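Read through the structure below, which is laid out as structure tokens, and then see the notes.
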Amino acid sequence: MLQKISWRRKNLQKAVFFSFSSSAFLNGILLIIIVFFLLSNGIEAISWEFLSQPPTDSMTKGGIFPCIVGTFLLCAVTIITALPIGVASAIYLNEYAIKGKLIRIIRMGINNLAGVPSIVFGLFGLAFFCIVLKMGVSIIAGGLTLAIMTLPVIIASSEEALKSVPDTYRQASLAMGATKWQTIYKIVLPAAFPGIITGAILGLSRAAGETAPIMYTGAVFFSPVLPESPFDAVMALPYHIYVLATAGTNIEETLPLQYGTAIVLIALVFGMNLIAIILRSRIRKKMKI
Amino acid sequence: MEPKIKMCTRKLDFFYDTFQALCDISLDFHEYKSTALIGPSGCGKSTYLKCLNRMNELIPKTKITGDVKLNDDIIYSSDVDVVSLRRKVGMVFQKPNPFPKTIFDNVAYGPIINGEKNKSKLTEIVEKSLKQAAIWDEVKDRLNNNALELSGGQQQRLCIARALAVNPEVLLMDEPASALDPIATQKIEELINELKKKLTIIIVTHNMQQAARVSDRTAFFYMGKLIEVNDTDTLFTNPALKQTEDYITGRFG
């Protein structure tokens, strides 16, 4: 006769299962609370005027159009510089480098770069890009600072994506008489592309929300006109929230504007993540990986 | 008439770090014949096969000594371009490994990396290769479908077509049917018998019936050494050595 499951084990199982599942649900619930909180406080601030006009009346009225444009431009500089460098590094590390001391040191460097606080990147960007390279407070300096901060994420996710390409593809290609570079360019990279692009967009969406790296390097308190060159400074969404909430002329009165800006920022980040997910699943479907 | 020797190795030793995987192997491969390499797991037959198109060089910390010749060229000579060698000595792997691309792009891959750009020429090569690999009728209406939609046996024949597309002189096959069901295996075997009219085939197999069915000559490997090589009929019916007889009659391995 089979033994009955003991009361103790049955309930222990249930308790452990419950604690695991509630931990998982907690994440979802936290997100919902944040979004709900933002929406309930800031939704009335969202209007076409808010999205399409510059701030007015010492930033107590008007919209956030320059901030949206600024964040967009900063992100563009970031992805244009960080993606090629990140992917190239990942290709070197995963496909070419012979494992050894040097590679271990490089990898340690990348991992530590990922752990550097964002304000330190901001100070570095100020000292290096703005002052040494004489870029001043500008889109290009801010974007490059964000790029350095995003690089470890892009390298790590690209490496992961390259690693997940089966070695049999590489062998098949090399055995056909393809050179190593042909193999990487025609076989490995296309197969790794979904993973690379997903990682890049996730890294970028993180960068889009950062305040500290751009507050000394690319973003300004208030700029009534849109930038005309990469060497102009811009307003940016996260910095705008920070400014309104800490240094605004009338902090209480601009609360809805702060929440409204936060909603736009979060929508932007969600949008990017959504694009990453859709892109990945579409390419995967096409390639049947 | 003596058959022409297409490929041969002389006193080939191969080391994984300090472990000697192949020991003093001298073996000839006749043109337009298929040679089977048999032996128990770990006897070095797959390692030997990889030495014939220098795929062994992809494994770090290995060393090879002795000579491998294709026609009259020493393939390990320092001025030989490994890319041109691999275009002449194609390879089919144990597990079907088509690229995650369309059927057409899989077969066209070799010609394209060889610099063929003419679309109609490519179409011609793809059709010819797929016909040679006896898979044309099954895929001709869906050349633009993803190759990974095919069954395992079809994938393997596609891989053979892919290898044939660059007109290799020698085709190395590393247990090409071991991951396939009996019917797919039969198709691959029929294909091998057809292909050896046009090129030289060297096939590693675990399956002795398969060796008997598809090969003209058979070489028996054991513990990194070449024990015996002969015409397949002779080797299977009248082996010279007791060790070979024990293996082919199933007493060990």
Side-chain angles (χ1 to χ4, degrees), chain A residues 87 91-104 106-107 158-199 279-289, chain B residues 49-50 52-61 81-102 105-115 144-150 155-156 158-168 171-174 179:
Chain A
V87 172
I91 289 176
Y92 172 70
L93 288 172
N94 197 58
E95 307 289 328
Y96 285 100
I98 296 158
K99 284 173 187 68
K101 207 168 181 185
L102 182 69
I103 293 308
R104 272 215 307 281
I106 292 179
R107 221 176 276 272
S158 301
E159 246 200 295
E160 236 14 82
L162 292 171
K163 260 190 209 132
S164 71
V165 176
D167 249 349
T168 56
Y169 292 173
R170 294 184 183 84
Q171 285 168 10
S173 173
L174 292 169
M176 295 290 304
T179 61
K180 187 145 191 170
W181 172 242
Q182 284 172 329
T183 301
I184 292 170
Y185 180 69
K186 296 200 179 242
I187 304 294
V188 179
L189 272 185
F193 185 71
I196 290 174
I197 210 70
T198 313
L279 219 58
R280 180 175 50 186
S281 75
R282 279 183 62 172
I283 301 172
R284 287 232 165 118
K285 213 182 245 167
K286 210 175 120 211
M287 297 180 76
K288 311 243 174 244
I289 303 175
Chain B
L49 197 72
K50 286 197 192 91
L52 300 178
N53 68 344
R54 290 177 55 174
M55 285 296 276
N56 57 302
E57 290 176 349
L58 303 180
I59 314 161
K61 288 187 184 168
D81 182 6
V82 66
V83 164
S84 77
L85 166 73
R86 289 182 187 149
R87 282 170 197 180
K88 284 184 178 160
V89 184
M91 189 165 201
V92 175
F93 295 81
Q94 181 169 4
K95 254 182 80 191
N97 55 357
F99 302 128
K101 296 172 179 285
T102 65
D105 288 346
N106 261 280
V107 184
Y109 182 70
I112 286 173
I113 57 172
N114 267 322
N144 288 319
N145 286 22
N146 194 299
L148 299 177
E149 285 171 15
L150 299 173
Q155 287 188 11
Q156 192 63 304
L158 177 67
C159 292
I160 294 173
R162 184 176 65 186
L164 294 175
V166 287
N167 275 322
L171 189 61
L172 309 176
M173 306 180 101
D174 188 0

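Chain naming here is simple, since letters A, B, ... match the order of the sequence lines and numbering starts at 1 in each. Just so it is clear, the values below take in all heavy atoms, side chains as well, and ignore hydrogens, waters and symmetry mates. Owing to the predicted nature of the structure, the values given are computational and were not obtained by experimental measurement.
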- Task: Tell me, yes or no, whether the heavy-atom count around B/K95 atom NZ, taken from other residues, nucleotides or ligands under 6.0 Å, exceeds 12.
- Result: no
- Query: Between A/G177 and B/V83, what is the shortest heavy-atom contact and its length?
  - Reply: O-CG1, 3.0 Å
- Shortest non-hydrogen pair, A/M176 vs B/G110, comes out as CE-CA, 3.6 Å
- Message: Please find the pair of heavy atoms, one from A/T168 and one from B/N97, that lie closest to each other, and give the distance.
- Response: O-ND2, 3.2 Å
- Do you know the tightest heavy-atom contact between A/A175 and B/F93? CB-CZ, 3.8 Å
- Item | Contact class of B/R54 relative to chain A, heavy atoms under 4.5 angstrom | neither
- Query: Quick one: what part of B/P98 sits under 4.5 Å from any heavy atom of chain A, side chain, backbone, both or neither?
  - Reply: backbone
- Query: At their closest point, which heavy atom of A/I187 faces which heavy atom of B/K101, and how far apart are they?
  - Reply: CD1-CE, 3.5 Å
- So which part of B/V89 gets closer than 4.5 Å to some heavy atom of chain A, the side chain, the backbone, both or neither? backbone
- Task: Let me know if B/I112 has heavy atoms under 4.5 Å from chain A in its side chain, its backbone, both or neither.
- Result: side chain
- For the residue pair B/Y109 and A/T183, what are the closest heavy atoms and their distance? OH-CA, 3.9 Å
- Message: Run the salt bridge (Lys or Arg N to Asp or Glu O under 4.0 Å) test against A/R170 and tell me which residues pass, sequence neighbours left out.
- Response: A/E95, A/D167
- Item | Reported NZ-to-CD1 distance for the pair A/K186 and B/I113, which is rounded to 0.5 angstrom | 8.0 Å
- Enter the distance from A/L174:CG to B/M91:CE here, rounded to the nearest 0.5 Å. 11.5 Å
